[in-house]
Amino acid sequence: MEKVLTDKVKEAIFSLYNYKVDEKQIQLQKTSKDFTGDITLVVFPFLRFSKKKPEETGEEIGNYLQENIKEISGFNTIKGFLNLEMDKKYWIESFRKMIEDPDFGIKKTGSENKTILVEFSSPNTNKPLHLGHIRNNLIGYSLSKIFEANGYVVKKVNIVNDRGIHICKSMLAWQKWGEGTTPEIAKKKGDKLVGDFYVRFEKEYKKQVQFLVENGADEDKAIMTAPLLKEAQAMLLKWEVGDKEVVDLWNRMNGWVYKGFDKTYEALGVSFDKIYYESDTYIKGKEIVLSALKNGVLFKKEDGSVWVDLSKEGLDEKILLRSDGTAVYMTQDLGTAYQRYDDYKFFRQIYVVGNEQNYHFQVLVLLLDKIGYKWAKDIYHLSYGMVELPEGKMKSREGTIVDADDLISEMIDTARDMSEELGKIDTYSEKQKEDIFRIIGLGALKYFILKVDPRKNMTFNPKESIDFNGNTGPFIQYTYARIKSVLRKAAEKNIKFQKKTDSCFEPNEKEIELIKILAGFPGVIRDAGIQMTTAMVANYCYELTKGFNQFYHDFSILNVDNDETRNFRLQLSEITGGIIEKSMGLLGIDVPERM
RNA sequence: GGUCCAGUAGCUCAGUCUGGAUAGAGCAACAGUCUUCUAAACUGUAGGUCCCAGGUUCGAAUCCUGGCUGGAUCACCA
């Protein structure tokens, strides 16, 4: 319709004022709800051609459009705004199209014939996942779904930072104070157990530093030379040369961590197509660096360390290999990127990584480009904002880290309390109930996070926790459950409704309003993909749900005499339920049949 | 200090890319609506210097410049 309108406006301007107007000047927007009309044309840009008042110009263009587009049933001009009213038949017709198209708004996966790689999660193996990781995972997973809905082939990939000094610290602490414990013996998730040893290391290390300082050592020196740190560094060296004992322990403890992570991923409902490990890719990274050094793209300092000079690009020098030849973070990321292009020949690669690493990705892209990989430009860093507490950043030292598993189970508990208080599902089995609590609890959590623009920082208040009323996941899920309930009742009463609509049928205002929102679905999916924002999808779900609830409140679906009306309303409900399910699905949120 | 990002109602956020009408939601507050398809809902009231100052424009929360405030980053950490 927009296309038709744009063309006709062009025609109108030419015919009325003899001027060929540029498409960019034709601004069409949804009519503000305080005015009558559906689509509004802003006429200000045309005043210089018409040389008339805004009202008069609007009137003239309006007349032309009404005469030449049969779907336009009327118009009004207020100030410089030409509000066009669409014929009800137009909306009935778009409704009919939605009913007939089961994939309405969703493109077939692969129809774009291009592969998008989405990297998300990227955990370190020395600590359990926390709220920040939850945001990362949810954004990555949802964006993958959104890209798929836009027709792309999507590969969800994870890179595990499984090597380095951090994991050695946990290993060392386990050796010293672990007394041979395992997740089974300690009855603890593996990631939590390993995390505990990391914390233990830091604690003992701090004690040592303090002891050294109290005995007259310089603090900076004490930090560098404390025996525990030396031991950890020695262990890292052993790992790098493949010392069997160290590598075995490394494998064992990382294994515990992965088992723990898998549980969290499963609880969150996220998954990956491929998992990369830093311990594999850093080798390729080193090769890349060494050959680029040979080609003169990089340079070596006297101490043997390898650097890239990005001062021409407005950045600094950046180290790529330490003087002892070992790899740094950037080295490994070069290898990972290369490996992935080799694996998938991606059209685009999206890194879902926090905005604290903006500099790192700026360097990565420049570096890949400098080395000569033409796909460097196809890398995009989706720099998402931090999750903060009301008093600022989460800090492990102050014990304010919000643990992922804890938060998830708290959300489910809240859902349980609330459901039991309302008592609507008392008759269901424990298994069914738990399933519903999980869907609702996670729905609340996911929606809370995904409705915020990924690029912005957001605040989470543990005291107030997450709401279940208003603009929330459960509100949308509730509406879905209501729709399902009505449809079940219709089936019980043996009411069959047909998947067609008589174009003579005249819907009421609320119904038209709902159809308009439904008609906006494909555009939302498209724009959410272009802008890479989950917030747009979440807001759409809310708008749609609100529209349906108003309709539901004001009109009865089943208890109407007129078969045609009932038929129409049942279809409207079913379509709405379907779109809610689809759009929530794009956020990775399930919807319950009842709640 | 350099670079980047943000600042919208008491609180949490839309809207900013692509300028458009009287800036929207939810929560919290207040007042209503359940013998009728699920009240986790619906309706209403109140709540604004869109951080500040300039500029561009017929028109600025939106674009540009400067400032203020907050955050991130500038490691032989990841």
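All values below come from the heavy atoms of this structure, side chains included, with hydrogens, waters and symmetry mates left out.
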Please state how far atom [atom1] in [X] lies from atom [atom2] in [N], giving the value in whole angstrom units.
X        : N     : atom1 : atom2 : value
A:His166 : B:A75 : NE2   : C1'   : 16 Å
A:Asn539 : B:A14 : CG    : P     : 8 Å
A:Arg455 : B:G15 : CZ    : P     : 11 Å
A:Met536 : B:U18 : CE    : P     : 13 Å
A:Tyr351 : B:A78 : OH    : C1'   : 15 Å
A:Leu236 : B:C77 : CG    : C1'   : 12 Å
A:Phe35  : B:U22 : CZ    : P     : 7 Å
A:Lys51  : B:C58 : NZ    : C1'   : 15 Å

Does a nitrogen or oxygen in the side chain of [X] sit under 4.0 Å from OP1 or OP2 of [N]?
X        : N     : answer
A:Lys456 : B:G7  : yes
A:Asn469 : B:A41 : yes
A:Ser485 : B:U38 : yes
A:Lys79  : B:U22 : yes
A:Thr459 : B:C13 : yes
A:Arg488 : B:U38 : no
A:Gln357 : B:A72 : no
A:Arg322 : B:C77 : yes

Please check if the distance between the ring centroids of [X] and [Y] is under 6.0 Å.
X        : Y        : result
A:Phe44  : A:Phe81  : yes
A:Tyr17  : A:Phe46  : no
A:Phe551 : A:Phe548 : yes

Can you tell me whether the base of B:C42 sits syn or anti, using the 90° cut around 0 to define syn?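 B:C42: anti glycosidic orientation.
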Are [X] and the base of [N] stacked, counting only ring centres nearer than 5.5 Å and planes tilted under 30°?
X        : N     : value
A:Phe475 : B:A41 : no
A:Phe44  : B:G59 : no
A:Tyr478 : B:A41 : no

Taking the minimum atom-to-atom distance to the side chain of A:Glu356, which one of B:A75, B:U73, B:G15 wins?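 Of all the options, the side chain of A:Glu356 is nearest to B:U73.
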Nearest-nucleotide pick for A:Lys546, side chain only, options being B:A39, B:G20, B:G26: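 It is B:G26.
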Between the base of [N] and the side chain of [X], is there a donor and acceptor pair under 3.5 angstrom?
X        : N     : result
A:Thr40  : B:A21 : yes
A:Asn83  : B:A21 : yes
A:Gln531 : B:C17 : yes

Answer yes or no: is there a donor N or O on one side and an acceptor on the other, between the side chain of A:Asn76 and the main chain of A:Thr36, under 3.5 Å?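 Yes, because the side chain of A:Asn76 sits within donor-acceptor range (under 3.5 Å) of the backbone of A:Thr36.
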Any strand counts, and the cut-off is 3.5 Å on both contacts for Watson-Crick or G-U wobble. Which nucleotide pairs with [N]?
N     : answer
B:U12 : B:A25
B:C50 : none
B:A41 : B:U33

If you assign each of A:Val452 and A:Met595 to its closest nucleotide in RNA chain B, which residue comes earlier from the 5' end?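 Checking each residue's closest nucleotide, the 5'-ward one belongs to A:Val452.
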Is the cationic atom of A:Arg163 (NZ for Lys, CZ for Arg) positioned less than 6.0 Å from the six-membered ring centroid of A:Tyr282 and within 45 degrees of its normal?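 Yes, cation above the ring, under 6.0 Å and within 45°.
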State whether A:Trp307 and A:Lys301 meet the cation-pi test: NZ (Lys) or CZ (Arg) under 6.0 Å from the six-membered ring centroid, and within 45° of the perpendicular axis.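 Yes.
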Side-chain heavy-atom pair A:Met532, A:Tyr380 within 4.5 angstrom cut-off: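 They are in contact (side-chain heavy atoms under 4.5 Å apart), so the answer is yes.
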